[in-house]
Amino acid sequence: EVQLLESGGGLVQPGGSLRLSCAASGFTFNNYAMTWVRQAPGKGLEWISAIRGSGFNTYYADSVRGRFTISTDNSGNTLFLQMNSLSAEDTAVYYCAKRGGENSGPFDFWGQGTLVTVSS
Amino acid sequence: DIQMTQSPSTLSASIGDRVTITCRASQSISGWLAWYQQKPGKAPKLLIYQASRLQSGVPSRFSGSGSGTEFTLTISSLQPDDFANYYCQQYSSYSLTFGGGTKVEIK
């Protein structure tokens, strides 16, 4: 059974940093691309970053490029999102999701989400 | 970036109704489109991928169609469990985008 468990969310001050983790199990981690999606309170879904299964290629939405970094620890089956220079606009529930292919595909399994609140 | 436009943003329907949601892409995405269902406080759930392929375990009352720039999600007979938000998503390009969402509410 595929399971994805996010952690690391919380309250952070504007300009601060936070690192999210997503522990994966139930599939061969480095065979599938992984991604992060966020949802601001009362808003729709926003894709923010993806990484291919090999870890060699990373992709970012314009809204986070240069501030966020996606990475994986394949030995630990864990996906990370390092978030720097946070602002109130980054307040959201952050979901990790598994993609259906090594570098493509829909998001076939999702974690339960972790809330990030940026506020002073 | 490819823009995805969903309509309507809100849809009021009754149990047993046939419901159709439309998604339009700003450029051709071939058939690289997915539909997700999200209930309040929960993670999204994949319903349809590659425009018309039903994800395992999803009831057959859900169906998808379309290609290029115009796509539809149809619920053939709305059930109580189907009242939720629905999102389309293109995965044709490396920059992935979601539609704005459609809330299906009880009439």
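Within every chain, numbering begins at 1; the chains are lettered A, B, ... in the order of the sequence lines, protein sequences first and strands thereafter.
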#### Entry: Residue part contacting chain A, namely of B:Gln50, when any heavy atom lies under 4.5 Å
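No part of it gets close to chain A.
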
### Portion of B:Asn85 that has a non-hydrogen atom of chain A nearer than 4.5 angstrom
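It is neither, since no heavy atom gets under 4.5 Å.
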
Are side-chain heavy atoms of [X] and [Y] found at a separation under 4.5 Å?
X       : Y        : value
A:Tyr95 : B:Pro44  : yes
B:Gln38 : A:Leu45  : yes
B:Gln89 : A:Trp47  : no
B:Leu96 : A:Phe107 : yes

### Query
What part of A:Asp62 lies closer than 4.5 angstrom to a heavy atom of chain B: side chain, backbone, both or neither?
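Side chain only.
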
### Query
Which bit of A:Val93 comes within less than 4.5 Å of chain B, counting heavy atoms only: side chain, backbone, both or neither?
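Neither part, no heavy atoms under 4.5 Å.
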
### Query
In terms of heavy-atom pairs under 4.5 Å with chain B, which of A:Glu46, A:Gln39, A:Gln112 leads?
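Greatest number of close heavy-atom pairs with chain B: A:Gln39.
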
### Message
Looking only at heavy atoms and a cut-off of under 4.5 Å, which of A:Ile48, A:Asn103, A:Asn57 has the most pairs with chain B?
### Response
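Max contact count across the listed options: A:Asn103.
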
I'd like to know whether [atom1] of [X] has more than 12 heavy-atom contacts from other residues, nucleotides or ligands below 6.0 angstrom.
X       : atom1 : result
B:Tyr94 : OH    : no
A:Arg67 : CZ    : yes
B:Arg53 : CZ    : no
A:Tyr32 : OH    : no

Are [Y] and [X] connected into the same hydrophobic cluster when the rule is that any two of I, L, V, M, F, W, Y join if their side-chain heavy atoms are below 4.5 Å apart?
X        : Y       : result
B:Leu47  : B:Tyr36 : no
A:Phe109 : B:Val58 : no
A:Tyr60  : A:Met83 : yes
A:Val64  : A:Tyr59 : no
B:Ile106 : B:Tyr86 : yes

### Euclidean distance, B:Lys42 NZ relative to A:Trp110 CH2, rounded to 0.5 Å
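It is 15.5 Å, given to the nearest 0.5 Å.
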
### Query
Between A:Val37 and B:Phe98, is a side chain to side chain contact (heavy atoms under 4.5 Å, CB included) present by the stated rule, with each step listed?
CA-CA 10 Å; A:Val37 175; B:Phe98 288 93; 4.0 Å; yes

#### Entry: Choice from B:Ser92, B:Ser95, B:Gly101, B:Ala34 maximising heavy atom contacts with chain A below 4.5 Å
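Result: the option with the highest number of such pairs is B:Ser95.
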
### Residue pair B:Tyr91 / A:Arg99: nearest heavy atoms and the distance that separates them
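Looking at all heavy atoms of both residues, the closest pair is CB-NH2, 3.7 Å.
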
